[in-house]
Each structure stands twice: as C-alpha cells, then as structure tokens.
Amino acid sequence: MEAWRQRIRLILETRPNLRVIGEASDGVEALQKAEALKPDLILLDVGLPKLDGIEAARQIRRVVPESKIVFLTENYSPDVVAEALSTGAGGYVVKSDAGRELLAAVEVVIRDNRFVSARLARHDLFGTADAQKSLCSTVDPD
C-alpha cells in the first residue's frame, strides 16, 4: 500500500500547482486528517480498512464540505461507482488507468466539474447517457 501511495504522490508532484499534505492508511485516519488539514482535494480508495472509502467520503463531506473528493480505486462496478459519486465526490478513477487519467481527473474536479474513467463511459452514472458523455475523461493529462 505504501508503494502505491508513493507512486501516486510522484504522479501528483509532477504538477507544480499540486502538493501532497497528508496521507492515510485507512478511512478513520483519512477522516481525521481531512478534518485537521482541510485539503482542497482528497483521493480515496473505496476499499479502505476500518471505515470504507464511501462512508469516509460521506463523513468528510459533512466535516470539510469545501474539500473535493476523487475516488481512486480498482473497483469499476457501476453500482459502486454510482454509490461513490452519490457522496458528492467529483471524480472516479480506476487505479489501472491512473497513469493516464489521474492528473486530468484532478484538474477537472478542482475546476468543479465531474470526471469518471473512460472505461466507465458506457454506464449511465449521472442520470442520462448524454450527460455522461460530456463528463467522462476527454482531457489529455499532459
């Protein structure tokens, strides 16, 4: 898990406007750090121990509503994606696509738009297929 977080940190730190200010190994710690640090953006995995990422997102939205949330997880079940986005999260990136999509997702979500991994484009996650097409990954992360 630490190696994965290090890889994500390296991807994020390629952008001078991004700075990692904290990391957590479980949902409870993520909630505590979110409340203490009040970050602009929080990356969460759905499958966090102690408090799953979806419930952590719900609680984070209550205590730090101004923080934006992007799920970064390997779970791409449409039901899980829809539930994660229902928390108010702005983005959902499949881990295996992070190298191509993470920076784009961060930029899109920071600008108050929504982002989902391109592999999820065929699913109606936002209510209508037309809306989904306009909100999926089309941004080049370079």
Practice task
Could you tell me whether K33 and E29 make a salt bridge, using a distance below 4.0 angstrom between a side-chain N and a carboxylate O?
Solution key: yes
Problem - K68/D40 salt bridge by N-O under 4.0 Å criterion - result: no
Exercise for the section: Using only heavy-atom distances, determine whether the side chains of R61 and S67 contain a donor-acceptor pair under 3.5 Å. Expected result: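 Note: R61 and S67 side chains miss the donor-acceptor criterion.
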Problem - Donor + acceptor pair across side chains of E55, Q59 (<3.5 Å) - result: yes
Gap between atom [atom2] of [Y] and atom [atom1] of [X] - 0.5 Å precision:
{"X": "N75", "Y": "I54", "atom1": "CG", "atom2": "CD1", "result": "7.5 Å"}
{"X": "L37", "Y": "I21", "atom1": "CG", "atom2": "CD1", "result": "4.5 Å"}
{"X": "L120", "Y": "Y92", "atom1": "CG", "atom2": "OH", "result": "7.0 Å"}
{"X": "L31", "Y": "L44", "atom1": "CG", "atom2": "CG", "result": "10.0 Å"}
{"X": "D45", "Y": "T73", "atom1": "CG", "atom2": "OG1", "result": "4.0 Å"}
{"X": "F115", "Y": "I110", "atom1": "CZ", "atom2": "CD1", "result": "12.5 Å"}

Problem - R9 CZ: over 12 foreign heavy atoms closer than 6.0 Å - result: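 Yes, enclosed.
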Practice task
Walk me through it: do V20 and E23 pass the test side-chain contact (heavy atoms from CB on, under 4.5 Å)?
Solution key: CA-CA 8 Å; V20 176; E23 295 181 21; 4.3 Å; yes
Exercise for the section: List the atom of R119, the atom of V94, and the distance in Å for their closest heavy-atom pair. Expected result: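 Where R119 meets V94 most closely, the heavy atoms are CD-CG2, 3.6 Å.
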Exercise for the section: Specify the closest pair of heavy atoms between I42 and A34, including all atoms of both residues, with the distance to one decimal. Expected result: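 Scanning both residues, the minimum pair turns out to be CD1-CB, 3.7 Å.
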Problem - CA sep, side-chain torsions, deciding dist, call: L41, L18, side-chain contact (heavy atoms from CB on, under 4.5 Å) - result: CA-CA 10 Å; L41 179 78; L18 299 177; 5.6 Å; no
Fill in the blank from the handout: Hits for salt bridge (charged side-chain N to carboxylate O under 4.0 Å, His left out) against K50, two or more places apart or cross-chain, chain-then-number order -> D26
Problem - Residue pair L72 / K95, side-chain heavy-atom distance below 4.5 Å - result: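 They are in side-chain contact.
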Problem - Beyond-backbone contact of R19 with E13, side-chain heavy atoms, under 4.5 angstrom - result: no
Practice task
Please report the C-alpha distance between R5 and S25 in whole Å, then the side-chain angles of each, then the deciding distance to 0.1 Å, and finally whether the side chain to side chain donor-acceptor pair (under 3.5 Å) criterion is met.
Solution key: CA-CA 9 Å; R5 287 197 313 263; S25 59; 5.3 Å; no
Practice task
Applying side-chain contact (heavy atoms from CB on, under 4.5 Å), run through L43 and I69 and close with a yes or a no.
Solution key: CA-CA 6 Å; L43 300 179; I69 297 172; over 6 Å; no
Please list every donor-acceptor pair under 3.5 Å in which a side-chain atom of residues 81-91 meets a protein atom from a residue at least two apart or in another chain.
from	atom 1	to	atom 2	distance (Å)
E83	OE2	R58	NH2	3.3
S86	OG	E83	O	2.6
T87	OG1	A84	O	2.6
T87	OG1	A89	N	3.4

